[in-house]
2 protein chains.
Amino acid sequence: MHDDPHEVLPAASDDRSPDLRAEAFQGVRAARRNELAEDYVELIAELIHSHGEARPVDIATRMGVTAPTVAKTLDRLARDGLITRAKYRSIFLTEQGRALAKECRHRHEIVLRFLLSLGLDAETAERDAEGIEHHVSERTLELFAAFVSRN
Amino acid sequence: MHDDPHEVLPAASDDRSPDLRAEAFQGVRAARRNELAEDYVELIAELIHSHGEARPVDIATRMGVTAPTVAKTLDRLARDGLITRAKYRSIFLTEQGRALAKECRHRHEIVLRFLLSLGLDAETAERDAEGIEHHVSERTLELFAAFVSRN
DNA sequence: GCGAAATGTTAGACAAGGCTAACAATCTGC
DNA sequence: GCAGATTGTTAGCCTTGTCTAACATTTCGC
Ligand SMILES: [Mn+2]
Ligand SMILES: [Mn+2]
Ligand SMILES: [Mn+2]
Ligand SMILES: [Mn+2]
């Protein structure tokens with residue numbers, strides 16, 4: 001069935017190397033593992049900028065999760081060197097955390113502006129950008145930015 | 001700091017409703033929960049089409065994971081009514097699974113062609129599409145399709 | 001400055017999604 | 001038709017990310 005010489009079907013021809021394919025999926029899984037950290041540090045940076053500090057309660061509200069979920073996640077971020085925290089005090093970004101936040105904000109901005117340029121409404125653009133931003137390669141980001149510029 | 005009347009900074013003005021924001025994140029989390037199932041049914045449909053059947057070993061190779069991981073995931077898909085399976089036999093899609101596969105394939109195609117239209121190389125396009133496809137709303141997909149058509 | 005409200009933490013449950021080790025079944029080549 | 005290779009399953013471990021319940025601390029209003 002797969003190499004029937006009568007096979008002339010147009011699409012779905014793509015049986016490209018299984019290994020390349022596996023690499024693609026492994027890359028996607030790697031990106032997935034960073035999504036939450038990226039969303040958190042981006043939000044924390046934003047809260048610090050707009051409110052002067054980042055408190056768990058504000059993170060919980062904006063992320064739409066419960067306080068214990070935030071607490072546990074923050075512990076992981078601290079373990080991974082992205083933030084520092086002390087009991088009952090607000091959250092600070094480490095140098096590394098600030099760097100990641102900056103990069104994420106940059107990506108978020110470009111993806112968002114790109115979607116808006118395409119003609120998407122603001123609310124949908126925000127929602128889609130929030131998911132897409134973690135799966136955009138550097139090359140793609142450049143293409144998005146170029147598109148935004150010339151439109 | 002946040003409502004200093006002297007604040008004239010251009011961007012980062014976006015302190016839009018925390019609740020809207022939470023909804024966006026909840027939507028993204030919901031999409032994340034379906035990603036794996038989507039990738040599996042899409043791949044299974046493809047294997048059935050190109051090889052006549054979908055076997056765990058081929059899924060494992062292409063997904064880049066081990067056989068036990070595939071087995072456990074397939075059990076979940078079966079539990080969720082997307083596939084049927086019998087011990088040591090190949091995998092079949094249910095009606096529901098076929099419907100989801102079709103939809104995923106459609107989304108994948110459009111996102112991929114869109115990225116290619118933008119000028120991205122084939123390999124990067126495949127990788128990015130594999131991640132982005134799960135986070136594209138219906139509206140965005142339509143805009144992507146329209147862009148592909150007129151380019 | 002005290003009591004109530006708000007905020008934060010801890011403990012513990014649970015599902016998903018990855019892995020390795022061990023074993024079982026099937027298939028293949030001779 | 002059997003031995004060895006391939007494929008598939010099971011058991012069990014681990015981390016992540018979510019939750020609820022209970023408790024601790026801090027902040028606020030008066
Ligand atoms: Mn995001
Ligand atoms: Mn973001
Ligand atoms: Mn995918
Ligand atoms: Mn896909």
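Chain identifiers are assigned alphabetically (A, B, ...) following the order of the sequence lines, protein sequences preceding nucleic acid strands; residue numbering begins at 1 within each chain. Computation of the quantities below employed the complete heavy-atom set of this structure, encompassing side-chain atoms and omitting hydrogens, waters and symmetry-equivalent molecules.
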(request) Report yes if at least one side-chain N or O of T66(B) is closer than 4.0 Å to OP1 or OP2 of dC19(C); otherwise report no. (result) yes

(request) Check whether any side-chain N or O of T69(A) sits under 4.0 Å from OP1 or OP2 of dG17(D), and answer yes or no. (result) no

(request) Check every strand shown and say whether R89(B) touches a base, only sugar-phosphate, or nothing at a heavy-atom separation below 4.0 Å. (result) nothing

(message) Rounded at 0.5 Å granularity, tell me how far CZ in F114(B) sits from OG1 in T140(B).
(response) 9.5 Å

(request) Supply the atom-to-atom distance R32(A) CZ to N34(A) CG, rounded to the nearest 0.5 angstrom. (result) 12.5 Å

(message) If you assign each of R29(B) and Y88(B) to its closest nucleotide in DNA chain D, which residue comes earlier from the 5' end?
(response) Y88(B)

(message) Can you see if the side chain of R33(A) gets near the phosphate of dG18(C) - specifically, an N or O under 4.0 Å from OP1 or OP2?
(response) no

(request) Taking the side chain as every heavy atom from C-beta outward, state whether E133(B) and E38(B) have any pair of such atoms under 4.5 Å apart. (result) no

(request) Drop me the distance from L93(B)'s CG to I48(B)'s CD1, to the nearest 0.5 angstrom. (result) 4.5 Å

(request) Would you indicate what R55(B) reaches in the nucleic acid, counting non-hydrogen atoms under 4.0 angstrom: base, sugar-phosphate, or nothing? (result) sugar-phosphate

(request) Could you tell me whether R32(A) contacts a base, only the sugar-phosphate backbone, or nothing, with contacts defined as non-hydrogen atoms closer than 4.0 Å? (result) nothing

(message) Any N or O donor-acceptor pair under 3.5 Å from the base of dT18(D) to the side chain of K72(A)?
(response) yes

